[in-house]
Amino acid sequence: MTLSSRYDPQSIEEKWQKLWAERRIFACEPDSSRPKYYVLEMFPYPSGNIHMGHVRNYSIGDVVARFRRMQGYNVLHPMGWDAFGLPAENAAIKHNIHPAKWTYANIDNMRAQLRRLGYSYDWRRELATCHPKYYKWEQLFFLRWLEKGLVYRKKAPQNWCPQCHTVLANEQVEEGRCWRCDTPVEQKELTQWFLRITAYADELLEDLKKLEGGWPDRVLSMQRNWIGKSEGAEIVFPLDGREGEIRVFSTRPDTVFGVTFMTLAPEHPLVESLIAGRENEGEIRAFIERTRNMDRLDRQSDALEKDGVFTGAYCLNPFTGRRIPIWLGNFVLAEYGTGAVMAVPAHDQRDFDFARKFGLDMLVVIQAEGERLDPSTMDKAWTEPGIMVNSGEFDGISNEKGKELVVKALESMGRGGKTVNWRLRDWNISRQRFWGAPIPVVYCEECGMVPVPEQELPVLLPLDAQPLPDGRSPLPHLDSFVHTVCPRCGRPAKRETDTMDTFVESSWYFARFTDARNDSGAFDKKALSYWLPVDQYIGGVEHAILHLLYSRFFTKVLRDFGFYPADLEEPFSNLLTQGMVLKDGSKMSKSKGNVVDPTDMIDRYGADTVRLFCLFAAPPERDFDWSDTGIEGSSRFLNRIWRLFVELRPHLEATAACSSTETCAAVPAARELRLREHATVRKVGEDIGNRYQFNTAIAAVMELVNSLYLAKDELTASPEGREALSSAMATVLTLLYPITPHMCEELWQDLGHSDSLAEERWPQWQESALKRDMITVVLQVNGKLRGKIEVPAEASREEAEKLALGDESVRRHIDGLTVRKVVVVPGKLVNVVAN
RNA sequence: GGCGGAGUGGUGGAAUGGCAGACACGCUUGACUCAAAAUCAAGUAUCCGCAAGGGUGUGAGGGUUCAAGUCCCUCCUCCGCUACCA
């Protein structure tokens with residue numbers, strides 16, 4: 001069959017997709033004789049259709065996967081579906097269809113769309129998290145953790161979304177609003193299930209160090225911020241004239257002598273007993289009410305006017321015995337630290353503002369050496385380092401040293417000591433939703449909460465129920481689900497009707513891919529040890545905190561519970577966060593009408609062009625704006641290669657990339673092409689393999705193609721030239737193969753190769769091919785470009801200097817000046833310094 | 001406020017301390033065409049100049065260096081995370 005003279009992607013892409021599937025080219029199994037490489041892209045939610053963001057994400061992953069495979073790695077590259085979640089319920093209500101049906105239909109559609117893009121997945125490992133054979137295992141994890149107290153139930157004020165009728169994790173509240181529907185989040189007292197992620201706070205923070213270099217700095221920074229470790233001291237202030245004490249957390253124990261009042265959150269547990277019976281009790285209660293009713297957002301905003309009220313009670317400074325009035329403050333948060341702040345107005349701006357407003361005392365205890373701060377004239381708090389004063393035995397010590405000494409003193413007095421405070425809270429995994437994995441416990445009137453025995457798993461999500469029209473879960477009303485018997489005493493019992501947060505499923509799916517069809521256990525330990533960790537993970541930065549932190553947490557927990565290998569510390573060695581695909585400067589959305597549908601683009605240009613453009617338009621980390629003319633350019637490039645190939649075909653041999661020999665050196669044009677070919681191989685390998693800069697890799701191939709165009713007429717004339725052409729063309733196809741595999745396969749096959757390019761090895765460039773006889777050297781005078789000369793490659797410094805000084809342009813510019821120095825960078829540049 | 005990232009032509013973007021603007025998009029001109037598309041060729045940072053050539057130029061200002069987009073200091077702007085966090 002002869003090659004079409006026109007590039008027609010539609011006629012070749014499907015053919016190759018079928019061939020790859022038939023030959024099972026991308027199926028993989030553990031093989032200890034080869035190094036492994038696990039490439040993973042964040043799996044999609046089956047919302048209905050693939051969008052351009054997916055295409056970008058998965059195209060990056062596919063290039064990495066195909067490239068590593070050519071490098072000889074045993075590559076695992078799987079795909080699956082993050083299939084539980086709210087949109088399925090909304091669709092179920094709207095179309096009166098079961099969420100499962102909707103979800104599986106979407107999966108079928110999106111799988112077909114992914115297949116059209118030609119991604120090299122091992123489809124045998126496909127999984128959907130809503131399948132009982134998947135969620136069964138996380139119900140098992142739940143039971144094991146429950147046994148050891150890693151998962152627990154507690155009643156607490158929760159983030160509640162009235163629109164979604166469910167609680168939200170702290171991570172799912174964005175600026176006080178629900179991350180899904182943007183409704184302001186309310187606080188509601190509920191009994192909920194929590195995962196004790198705080199038990200791992202230290203390790204989660206510490207191990208971020210191990211990810212440096214492999215993860216983007218900003219993601220590491222986000223996780224650090226989120227975990228929010230704060231080192232300081234706990235200081236105990238006994239109450240004055242009565243039993244009891246106030247514990248505070250402070251990062252500035254060195255200022256403890258400067259405490260002039262105490263500020264409690266209105267919600268502080270001690271408040272009730274402190275104010276009971278005071279003559280101004282009514283006023284205080286009014287303040288508490290006022291503050292409590294404030295919107296959570298407003299209360300935490302900068303703009304909040306500081307407000308407070310004196311309780312009438314006092315406590316005592318553990319060092320000085322000074323009587324310290326206890327106030328309530330609207331800016332003190334009950335959730336952070338101990339809900340109580342020791343106020344040092346001279347050295348903390350908030351306390352300063354508060355003290356000024358209410359006319360409270362101010363005591364200077366830190367000041368710069370040789371200076372004297374006067375509380376009556378200070379206009380802001382002194383927060384810089386300094387020397388301790390008015391601090392008894394600590395006077396004259398630097399405040400940094402003072403921090404340690406005060407902590408020691410507190411410890412010996414039994415009034416506190418060093419402590420660490422975390423921002424991270426335990427993870428609430430209860431959801432009052434239907435389309436999620438059931439939590440496997442029952443409630444028995446006799447035995448209380450009883451775990452479902454492991455052999456009874458999975459607790460199936462019923463397929464004969466529908467979310468209620470207002471969005472609420474049908475589970476609490478579904479007798480066939482709720483009513484069961486107690487596994488312990490056999491009496492009637494009721495099932496837990498909350499389901500798990502969908503982030504639970506996505507916290508371990510990457511491990512399940514290593515042995516996705518295992519029915520006898522969640523994992524096969526051998527497969528896990530072989531494949532994990534994921535070598536390259538690729539996805540959107542919007543998951544920088546949520547999904548990535550949870551997955552790290554799960555990895556450590558599953559390791560400690562013996563599911564994962566004991567030496568597995570982190571799930572993802574390397575992370576690439578790709579930018580968004582925008583249109584006209586903003587996110588694509590149906591409401592804006594600026595959606596570019598990948599399917600349309602494939603129909604129009606073919607999958608290879610779409611893949612190429614997504615990779616060429618910008619470096620992967622950056623957002624890029626979809627350009628209709630830009631994709632035309634990518635299409636043009638592939639057409640150009642096709643035409644060039646067809647034109648040169650009669651002169652081409654079926655050779656491998658980088659196969660031309662030194663004999664073609666006799667023909668200068670052939671030698672030059674060979675040099676460019678090898679230089680391109682070096683650059684593309686570096687750009688794809690180490691730098692993940694696919695745009696410059698593609699640019700390098702474009703340059704090689706351009707030089708092929710320029711030299712083709714001369715090269716077809718000689719055997720040496722034809723040898724160089726054949727090799728260079730093979731190189732173009734091989735280098736481009738991870739990016740535009742269909743077209744490359746088609747042309748490769750036309751050359752007479754019987755194997756798929758997928759089985760081809762990544763070409764090896766040779767140092768010897770990069771050697772030139774003459775090298776262009778840049779001439780500078782006083783750092784300014786003044787000319788270029790050709791010098792023999794092995795010219796010495798002295799020769800280069802002599803040639804440079806003899807150059808006409810250089811001579812013109814140093815005319816009348818004295819040459820002070822000549823800097824020679826061999827093979828590159830000569831800079832003449834003269835004045 | 002703290003932490004992190006980023007500022008380069010008309011646009012997307014290139015540059016291990018060594019020729020700033022690779023590669024593309026767009027635009028201009030020409031060739032082919034009855035015409036258009038496609039393709040091919042030439043040009044395209046900016047200022048002076050017919051040209052040769054020269055000046056300027058990577059957010060601003062300093063510094064280090066023979067040489068700075070790149071390293072250091074001060075500052076400005078934008079983006080992200082976090083935040084009356086004690």
Side-chain angles (χ1 to χ4, degrees), chain A residues 6 174 216-230 232-233 235 248-252 255 262-263 265 299-306 329-333 335-344 347-351 353-354 383 421-423 541-542 544-545 577 613 616-619 621-634 636-637 639-640 643 683 686 691 693 695-706 709 776-788 809 812-813 820-825 827-835:
Chain A
R6 232 187 86 250
E174 294 169 348
D217 287 343
R218 60 176 173 151
V219 175
L220 296 174
S221 157
M222 284 183 199
Q223 294 222 348
R224 282 197 189 98
N225 283 339
W226 189 262
I227 296 168
K229 182 180 186 177
S230 178
I235 306 179
V248 302
F249 171 75
S250 174
T251 53
R252 295 293 305 273
T255 63
M262 183 67 64
T263 325
R299 181 142 167 221
Q300 292 191 23
S301 101
D302 291 353
L304 178 73
E305 172 74 10
K306 288 199 176 36
N330 62 350
F331 63 95
V332 182
L333 305 174
E335 316 84 80
Y336 188 78
T338 60
V341 181
M342 66 175 212
V344 187
H347 305 293
D348 181 283
Q349 192 56 41
R350 288 157 303 175
D351 299 342
D353 296 341
F354 197 84
T383 53
N421 206 29
W422 303 89
R423 209 197 77 99
V541 75
E542 65 272 18
I545 297 173
T577 49
F613 179 62
F616 181 61
E621 301 246 352
R622 236 181 270 192
D623 289 350
F624 86 82
D625 209 84
W626 183 268
S627 155
D628 293 332
T629 52
I631 191 169
E632 292 278 351
S634 291
R636 213 144 51 208
F637 174 59
N639 274 290
R640 192 169 143 88
R643 281 197 313 273
K683 166 118 180 100
E686 175 69 17
R691 299 182 345 127
Q693 296 286 305
N695 54 329
T696 51
I698 293 163
V701 179
M702 285 174 168
E703 285 186 79
L704 181 60
V705 171
N706 288 345
Y709 253 97
T776 307
V777 165
V778 169
L779 302 180
Q780 294 181 336
V781 175
N782 291 329
K784 280 200 166 66
L785 177 72
R786 294 303 177 193
K788 290 176 191 182
S809 171
R812 202 166 60 238
H813 283 93
R820 301 288 173 193
K821 190 174 173 183
V822 180
V823 179
V824 180
V825 183
K828 267 200 177 146
L829 156 153
V830 179
N831 187 13
V832 180
V833 185
N835 60 12

Under-4.0 Å side-chain N/O to phosphate OP1/OP2 contact, A:Thr251 with B:rC85
no
Within 90° of 0 counts as syn, otherwise anti: where does B:rG9 fall?
syn
Describe the nucleic acid contact of A:Tyr336 in one word from base, sugar-phosphate, nothing, applying a heavy-atom distance below 4.0 Å.
base
Where is the tightest heavy-atom contact between A:Gly630 and A:Phe613, given as atom of each residue plus distance?
C-CE1, 3.4 Å
Taking all non-hydrogen atoms of both residues, which atom of A:Thr338 and which atom of A:Phe249 are closest, and how far apart?
OG1-N, 3.7 Å
Using the P atom on both, measure B:rC23 against B:rU77 and round to a whole Å.
37 Å
Any side-chain heavy-atom pair of A:Val219 and A:Thr577 under 4.5 Å
yes
Could you check which of B:rG80, B:rA86, B:rC40 has an atom nearest any side-chain atom of A:Arg643?
B:rC40
Can you tell me how far P in B:rU82 sits from the matching atom in B:rU28, rounded to whole Å?
47 Å
Not counting sequence neighbours, which residues clear salt bridge (Lys or Arg N to Asp or Glu O under 4.0 Å) with A:Arg423? List them please.
none
Write down the partner of B:rC50 under the Watson-Crick or G-U wobble criteria, each distance required to be under 3.5 Å.
none
Provide the distance between the two C1' atoms, one in B:rC3 and one in B:rG12, to the nearest whole Å.
30 Å
Considering all heavy atoms, the nearest A:Arg252-A:Thr383 contact
NH1-O, 4.0 Å
Rounded to the nearest Å, what distance is computed from the CG atom of residue A:Asn421 to the P atom of nucleotide B:rA86?
8 Å
To the nearest 0.5 Å, atom CG of A:Asp351 lies from atom CE of A:Met262 at 10.5 Å
Are A:Phe331 and A:Phe354 near enough that their ring centres are under 6.0 Å apart?
yes
Distance check needed: B:rG7 P versus A:Glu621 CD, whole Å only.
13 Å
If the C1' atom of B:rU74 is compared with that of B:rA22, how far apart are they to the nearest Å?
33 Å
Looking at every heavy atom in both A:Glu621 and A:Pro216, which two are closest together, and how far apart are they?
OE2-CG, 4.3 Å
Could you give the CZ-to-C1' distance, from A:Phe624 to B:rA14, as a whole number of Å?
18 Å
May I ask which nucleotide in the shown strands pairs with B:rG1, Watson-Crick or G-U wobble, both distances under 3.5 Å?
B:rU82
Nearest-nucleotide check on RNA chain B, A:Thr338 vs A:Lys683; residue mapping nearer the 5' end is A:Lys683
Between P of B:rU82 and CH2 of A:Trp226, the distance in whole Å
6 Å
Does B:rA83 have OP1 or OP2 under 4.0 Å away from a side-chain N or O of A:Arg224?
no
Quick one, A:Val833 and A:Asn782 - any side-chain contact, counting heavy atoms below 4.5 Å?
yes
Would you mind reading off the distance between A:Asp351 atom CG and B:rA86 atom P, rounded to a whole angstrom?
12 Å
Using a cut-off of 4.0 Å on non-hydrogen atoms, how would the nucleic acid contact of A:Asp623 be classed: base, sugar-phosphate, or nothing?
sugar-phosphate
Between B:rG18 and B:rG69, how far apart are the P atoms? Round to whole Å, please.
10 Å
Rounded to whole Å, how long is the line connecting atom CZ of A:Arg691 with atom P of B:rU16?
7 Å
Which nucleotide wins on minimum distance to the side chain of A:Arg812, given the candidates B:rG13, B:rG53, B:rU82?
B:rG53
Does A:Arg6 reach a base, just sugar-phosphate, or nothing at all? Heavy atoms under 4.0 Å.
nothing
Taking a pair as Watson-Crick or G-U wobble with both distances under 3.5 Å, which nucleotide is matched to B:rA6?
B:rU77
What interatomic distance, in whole Å, is found between P of B:rA35 and the corresponding atom of B:rG26?
23 Å
What's the CG-C1' distance between A:Asn225 and B:rA83, to the nearest Å?
9 Å
Could you say whether A:Val341 or A:Ala618 is positioned toward the 5' end of RNA chain B, judged by the nucleotide with the nearest heavy atom to each?
A:Ala618
Rounded distance in Å between the C1' positions of B:rC48 and B:rU39
38 Å
Determine the Euclidean distance between corresponding C1' atoms of B:rU8 and B:rG13; express it in Å to zero decimal places.
9 Å
Note: A:Arg691 and A:Lys683 closest approach over all heavy atoms is NH2-NZ, 4.0 Å
Contact class for A:Val332 vs. all strands (heavy atom < 4.0 Å): base, sugar-phosphate, or nothing?
base
Just the table, please: protein N/O against nucleotides 55-59 of chain B N/O, every pair under 3.5 Å.
residue	atom	partner	partner atom	Å
B:rG55	OP1	A:Arg786	NH2	3.1
B:rG55	OP2	A:Arg786	NH1	3.3

Grab the N/O contacts between the protein and nucleotides 18-27 of chain B below 3.5 Å, and write none if there aren't any.
residue	atom	partner	partner atom	Å
B:rC19	O2	A:Lys788	NZ	2.5
B:rC19	N3	A:Lys788	NZ	3.0
B:rA22	O2'	A:Glu703	OE1	3.4
B:rA22	O2'	A:Glu703	OE2	3.3
B:rA24	OP1	A:Asn706	ND2	3.1
B:rC25	OP1	A:Arg636	NE	3.2
B:rC25	OP1	A:Arg636	NH2	2.4
B:rC25	O2'	A:Thr629	OG1	2.9
B:rG26	OP2	A:Arg636	NH2	3.2

Under 4.0 Å, heavy atoms only, any strand: does A:Pro216 hit a base, just the sugar-phosphate, or nothing?
nothing
How close or far is atom P of B:rA86 from atom CZ of A:Arg252, stated in whole angstroms?
11 Å
B:rG2 OP1/OP2 closer than 4.0 Å to side-chain N/O of A:Arg423
no
Heavy atoms of A:Ala544 and A:Gln223 approach each other most closely as O-NE2, 2.9 Å
Scanning all shown strands, the Watson-Crick or wobble mate of B:rU44 with both distances under 3.5 Å is B:rG26
N/O (side chain, A:Arg622) to phosphate O (OP1/OP2, B:rG13) under 4.0 Å
yes
With a 4.0 Å cut-off on heavy atoms, is A:Arg350 in touch with a base, just the backbone sugar-phosphate, or nothing at all?
base
Side chain proximity check, A:Val822 to A:Asn831, heavy atoms < 4.5 angstrom
no
Mind checking who B:rU39 pairs with, Watson-Crick or G-U wobble, both distances under 3.5 Å?
B:rA31
For A:Arg622 and A:Asn695: C-alpha separation, side-chain torsions, deciding distance, then whether side chain to side chain donor-acceptor pair (under 3.5 Å) applies.
CA-CA 11 Å; A:Arg622 236 181 270 192; A:Asn695 54 329; over 6 Å; no
